[in-house]
Amino acid sequence: MTVRALLIEDDETIAEPLVEGLGRYGLTVGHVSTGAAGLEGPYGDIVLLDLGLPDMDGIDVCRGIRQLSDVPIIMLTARGEEADRVLGLELGADDYLAKPFSMRELIARIRAVTRRSQRTATAPSATAAPAAAVAPDPTVTPRPVTPPPAAQPTPREQEPLVVDRRTRQVWVGGAPVSLTPKEFELLALLTEDPGAVYSRQQILDRVWDPHFHGPTKTLDVHIATLRRKLGDPAWIQTLRGVGFRLAVHSGIPAGTASGVPEAARP
C-alpha cells in the first residue's frame, strides 16, 4: 500500500527535492508551506513537520495536529537543542530528525514509525496495569472540574482532579498521579486560582526562581509532561502569547474554589 505523507515545510529549496525523493521511494506526498495549511490536512499516513514555519511555531502545529489526530509525526528541523527535541516528543511527535539528513535515513525513520503505528492499530486492546495504590487523604472529597464551553479542547468530564498541597498528592478520577517536585509546584500554582491565566514569567518566578536564566523551553517541557501525566492535555490550556491556565467551569458557585477541592487550596 502506498504511504501518503504530508510535508509541512516553507523552504522550497528543501521541500522540492524532498517531494521528489520521497516519490522515488513510492510515497505520495502533499506539500504545504504554512502551519495553518498543515493543520487543515489531510494528514495522510504520516506528517513530516518543519519547526521553523513563517506563520506559527512548528511546536504549536504539532500540538494542534495531536489534538485532532493520532497520525504519526516526524519533526524535520534545524533546531538541535535537547529541549526542542524533548518538547516535540512530549507533545506527541513520534520521531525527530535534525537537518541536514540523508534521504535514506528519512525513509528508514518513516518506515519504522509507520510500522509501529500499524502494529498499534491492529494490536488487540489490552487492559492497562493498575497504578500503584496510594491511600488518599480521608479529608479530601474529590469533586469534578466541569470544563467551560470554549474553542480549546476541554478535559474529560466526570474525572475529578484533586491537588492536595498539604500531602503533595494528586489524583485524577481517583487514581494517584506521580509528579516530580517541579511538576507538582507548577500544577499547584495553577490551582491557586483555577481559570486565571498565569504568564510564563509569573510561572518561572514562582516555580523556579525570579533570577532563573535557563531556557524558557523548560516550562514548555514541564507543561507537556503534566498534560500527559494528567491523562488529558485539555486540563491545562494555552493562551497563545499570554500564558497558561487550569480549565474549570466558569459558573461554579462561590465558596467551592472554582471546582478544586478544599484540600487543594493553598
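A quick note: this is a predicted structure, and the numbers were derived from the prediction, not measured.
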Student check: side-chain heavy atoms of L187 and W235 closer than 4.5 Å: no
Validation row: L76, L7 side chains within 4.5 angstrom (heavy atoms): yes
Partners meeting salt bridge (charged side-chain N to carboxylate O under 4.0 Å, His left out) with [X] (sequence neighbours left out):
{"X": "E20", "value": "R24"}
{"X": "R168", "value": "E185"}
{"X": "E105", "value": "R109"}
{"X": "K229", "value": "E183"}

In Å, rounded to the nearest 0.5 Å, how long is the span from [atom1] of [X] to [atom2] of [Y]?
{"X": "L190", "Y": "F244", "atom1": "CG", "atom2": "CZ", "value": "9.0 Å"}
{"X": "L161", "Y": "D232", "atom1": "CG", "atom2": "CG", "value": "10.5 Å"}
{"X": "M75", "Y": "L48", "atom1": "CE", "atom2": "CG", "value": "12.0 Å"}
{"X": "F101", "Y": "I107", "atom1": "CZ", "atom2": "CD1", "value": "10.0 Å"}

Which heavy atom in [X] sits nearest to a heavy atom in [Y], and how many Å separate them?
{"X": "F184", "Y": "R165", "value": "CZ-CA, 3.9 Å"}
{"X": "L22", "Y": "I110", "value": "CD2-CD1, 3.9 Å"}
{"X": "I8", "Y": "V47", "value": "CD1-CG1, 3.9 Å"}
{"X": "G44", "Y": "V71", "value": "O-CG2, 3.7 Å"}

Contacts of T13 that satisfy side chain to side chain donor-acceptor pair (under 3.5 Å) - sequence neighbours left out: D11
Partners meeting side chain to side chain donor-acceptor pair (under 3.5 Å) with E16 (sequence neighbours left out): none
Could you check whether any side-chain N or O of [X] sits under 3.5 Å from a backbone N or O of [Y], counting only pairs where one atom can act as donor and the other as acceptor?
{"X": "R227", "Y": "I236", "value": "yes"}
{"X": "T114", "Y": "R111", "value": "yes"}
{"X": "R206", "Y": "Q201", "value": "no"}
{"X": "D45", "Y": "A5", "value": "no"}

Anything under 3.5 Å between a donor and an acceptor, one on a side chain of residues 26-43, the other on a protein residue two or more places apart or in another chain? List them.
unit_1, atom_1, unit_2, atom_2, d
H31, NE2, E9, O, 2.7
T34, OG1, A37, N, 3.2
Y43, OH, L39, O, 2.7

